[in-house]
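One structure is given below, encoded as structure tokens.
If you read the sequence from its start, that first residue is 1, and numbering goes on from there. A quick note: this is a predicted structure, and the numbers were derived from the prediction, not measured.
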Amino acid sequence: MKIELDYVKVGDYYLPDLAAEPYPKRGLGKYGLLRLRYLKEHRPIVWAEYVMEGKLYAHLLEVEDAAHDLLDSMMPGMAKEAGATEDLKARDPMRWVGLMNCCKAQVEEIIFAELIYI
């Protein structure tokens with residue numbers, strides 16, 4: 001992969017003409033921050049490319065949104081399959097909470113494998 005950069009002469013030196021990303025309009029959540037940490041620690045070249053191209057924050061927001069969409073679409077099906085119904089919630093709330101936590105953990109494992117740690 002080749003990165004093309006423009007250079008500006010400052011004195012006797014040529015420095016890369018880099019532009020900072022615009023200030024973010026919203027903060028990163030759990031999944032965006034996990035992706036950022038993964039890129040910095042395990043894929044430093046990819047992280048550097050995103051930074052140099054000014055696309056890091058957009059990529060992190062995209063991962064964040066995709067993770068939330070996946071979570072929102074998979075949770076109802078997983079809860080139904082596990083038997084976490086409104087009736088169970090009324091009868092045995094602690095069991096319902098345990099089932100919902102289990103479902104969320106399963107969906108998050110899928111999110112980590114498909115979006116965060118790739």
Side-chain angles (χ1 to χ4, degrees):
M1 176 173 277
K2 185 177 180 181
I3 299 176
E4 295 187 23
L5 293 174
D6 294 326
Y7 292 88
V8 177
K9 187 171 183 178
V10 178
D12 293 335
Y13 302 101
Y14 285 95
L15 300 175
D17 186 21
L18 302 175
E21 287 186 74
Y23 188 75
K25 294 181 179 160
R26 66 177 187 160
L28 291 175
K30 172 184 178 178
Y31 303 111
L33 292 173
L34 284 171
R35 179 68 176 161
L36 175 62
R37 181 176 175 190
Y38 174 75
L39 288 175
K40 277 184 162 180
E41 292 178 4
H42 299 283
R43 301 277 192 255
I45 295 172
V46 175
W47 174 79
E49 287 175 359
Y50 279 133
V51 170
M52 296 279 256
E53 293 171 359
K55 297 179 182 177
L56 178 64
Y57 195 77
H59 170 72
L60 298 175
L61 285 178
E62 183 181 325
V63 169
E64 179 83 22
D65 292 340
H68 282 289
D69 290 344
L70 198 56
L71 186 69
D72 293 341
S73 67
M74 291 185 74
M75 273 300 288
M78 293 284 260
K80 185 177 179 183
E81 189 176 307
T85 62
E86 289 297 318
D87 183 48
L88 179 65
K89 184 178 180 180
R91 282 186 293 117
D92 191 358
M94 291 306 290
R95 185 162 191 269
W96 180 84
V97 169
L99 287 173
M100 291 301 285
N101 285 342
C102 182
C103 291
K104 185 174 181 185
Q106 291 174 354
V107 173
E108 282 190 335
E109 283 298 319
I110 294 168
I111 290 170
F112 294 155
E114 292 183 4
L115 295 174
I116 307 296
Y117 303 132
I118 58 169

For residues 103-113, dump all side-chain donor-acceptor pairs below 3.5 Å to protein atoms at least two apart in sequence or in another chain.
| residue | atom | partner | partner atom | Å |
| --- | --- | --- | --- | --- |
| Glu108 | OE1 | Lys30 | NZ | 3.3 |
| Glu108 | OE2 | Lys30 | NZ | 2.8 |
| Glu108 | OE2 | Tyr31 | OH | 2.7 |

Identify the two heavy atoms, one from [X] and one from [Y], that lie closest to each other, and give their separation to 0.1 Å.
{"X": "Leu99", "Y": "Ala84", "result": "CB-CB, 4.0 Å"}
{"X": "Ile118", "Y": "Arg35", "result": "O-NH1, 2.9 Å"}
{"X": "Leu34", "Y": "Tyr117", "result": "CD2-OH, 4.2 Å"}

Residues in salt bridge (Lys or Arg N to Asp or Glu O under 4.0 Å) contact with Asp92, at least two apart in sequence or another chain:
none
Between Leu56 and Trp47, is there a side-chain heavy-atom distance shorter than 4.5 Å?
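Touching, per the 4.5 Å side-chain cut-off.
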In Å, rounded to the nearest 0.5 Å, how long is the span from CE of Met75 to CG of Leu70?
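Met75 atom CE to Leu70 atom CG measures 11.5 Å (nearest 0.5 Å).
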When hydrophobic residues are tied together by side-chain contacts of less than 4.5 Å, even through go-betweens, does Val97 share a cluster with Met78?
yes
Would a hydrophobic clustering, with Ile, Leu, Val, Met, Phe, Trp and Tyr connected at side-chain separations under 4.5 Å, put Tyr38 with Ile45?
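No.
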Kindly state each residue pair satisfying side-chain hydrogen bond (donor to acceptor under 3.5 Å, both in side chains) with at least one member in residues 66-79, sequence neighbours excluded.
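Those involving residues 66-79 are Glu64-His68.
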Out of Val46, Leu36, Leu39, which residue meets the side-chain contact (heavy atoms from CB on, under 4.5 Å) rule with His59?
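So, applying the side-chain contact (heavy atoms from CB on, under 4.5 Å) to His59 and each of Val46, Leu36, Leu39, only Leu39 qualifies.
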Is the number of heavy atoms from other residues, nucleotides or ligands within 6.0 Å of CD (Glu81) greater than 12?
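Incorrect, the count does not exceed 12.
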Please evaluate residues Leu33 and Leu28 with respect to the criterion side-chain contact (heavy atoms from CB on, under 4.5 Å), reporting the C-alpha separation (whole Å), side-chain torsions for both, the decisive distance (0.1 Å), and the verdict.
CA-CA 6 Å; Leu33 292 173; Leu28 291 175; 4.0 Å; yes
Determine, stepwise, if the pair Glu86 / Lys89 fulfils side-chain contact (heavy atoms from CB on, under 4.5 Å).
CA-CA 5 Å; Glu86 289 297 318; Lys89 184 178 180 180; 3.6 Å; yes
Start with the C-alpha gap between Lys9 and Leu15, add the side-chain angles, then the distance that decides, and say whether side-chain contact (heavy atoms from CB on, under 4.5 Å) holds.
CA-CA 6 Å; Lys9 187 171 183 178; Leu15 300 175; over 6 Å; no
